[in-house]
Amino acid sequence: MVWRPYVSFNIWSQFESAVGQEHWHCDMKRGFVRARKKEPSVKALLEQDTTAQHIGLLAQRGVWEFHQDIELLQIVDGVERVVDKLKLSQESAEIQQRVIQILKNYYEKPILLGKDIIKLSRGDEGIPEPLLIQQGNYFLNLFAAIDCIFREQDGTLHILDFKTGKSDFDRRQALVYLLAANYLFPQQKAVASFYNLENRKSSELITAKNAQLNAIRDQLVRIAQEHQKELRLYKQNPGEFAQLFPPNPGYQCYNCQFNSICKFSVSEMSA
Ligand code: SF4
């Protein structure tokens, strides 16, 4: 396979925080995730499935199970059956409690029931196939792991992203999905939205005109180029990690997965 520069919403969010979250942003986190991911201590931290990520994956899998066998949404013990399929008894008490509540929520309000589902991810498919994006002579791979696509009655494609926990909806993620949909289903009208399986809140419907999608594409190209440049510079000058990826110590260190190995961590400094 031909190697190409690559980008994803994840990478974008590691470069720039969502509006209003800028004070929490730390470039050094991106350095650990992207430039030092193969170092054993960093790799070990990256491999730890955090509780939040794990709940997100189990929730997605739960929705998938309900739609593999729609009867599960109609029988009295449908939730219990999905609990068994997910082997929740092997999980921690917190994970069990939150995922069971998510399954109950979905059983009571199955928002995809009756929809013309085109794609519903199981949640454990791994890295998606990249989409080839072109800007002039520049080509890059866009990775966009879409949870669900269904067709509205008027034919519009609806891209739905499931959330769990307290994470805010980030409009940029929806725009990346709309750009991906534009490549996957050219000429088709598309909207995107988020749905939180825990608090049952939906976002507004997000749409984008062609000019906006072109702007998003250009933004992603800029980030992919910047990303490759950073990786190259780090490889040439590993001693300049902190200059290339400046730390931003503060309250955010307490929730940072690298605080045990980061010498700039606030908790590390106050220890
Ligand atoms: S511990 Fe703090 S300074 Fe270090 S990478 Fe995490 S957020 Fe940044």
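Index from 1, following the sequence. First listed ligand is number 1; within each ligand, the first listed atom is number 1. As a basis for the values below, the full set of heavy atoms in this structure was taken, side chains included, without hydrogen atoms, waters or symmetry mates. This is a predicted model, so every value here is computed, not measured.
Comment: D27 engages R30 in a salt bridge, judged by a side-chain N to carboxylate O separation of less than 4.0 angstrom.
The one candidate from E65, E80, Q68 that meets the side-chain contact (heavy atoms from CB on, under 4.5 Å) condition with K85 is E65. For the pairing with V99, the side-chain contact (heavy atoms from CB on, under 4.5 Å) check across L197, V83, L86 returns one residue only, L86.
Of the protein's heavy atoms, C26 SG, 2.3 Å lies nearest to atom 8 (Fe) of ligand 1. The closest protein non-hydrogen atom to atom 2 (Fe) of ligand 1 is C253 SG, 2.3 Å.
Between F245 and F241, the two ring planes are tilted [angle within 30° to 60°]. Classification of the W12-F9 ring pair by plane angle, with boundaries at 30° and 60°, yields perpendicular.
The nearest N, O or S atom of C256 is closer to atom 6 (Fe) of ligand 1 than 2.8 Å.
Near C262, the atoms of ligand 1 lying under 4.0 angstrom from a non-hydrogen atom of the residue are 1 (S), 3 (S), 4 (Fe), 5 (S). For ligand 1, the atoms lying closer than 4.0 Å to a non-hydrogen atom of S265 are 1 (S).
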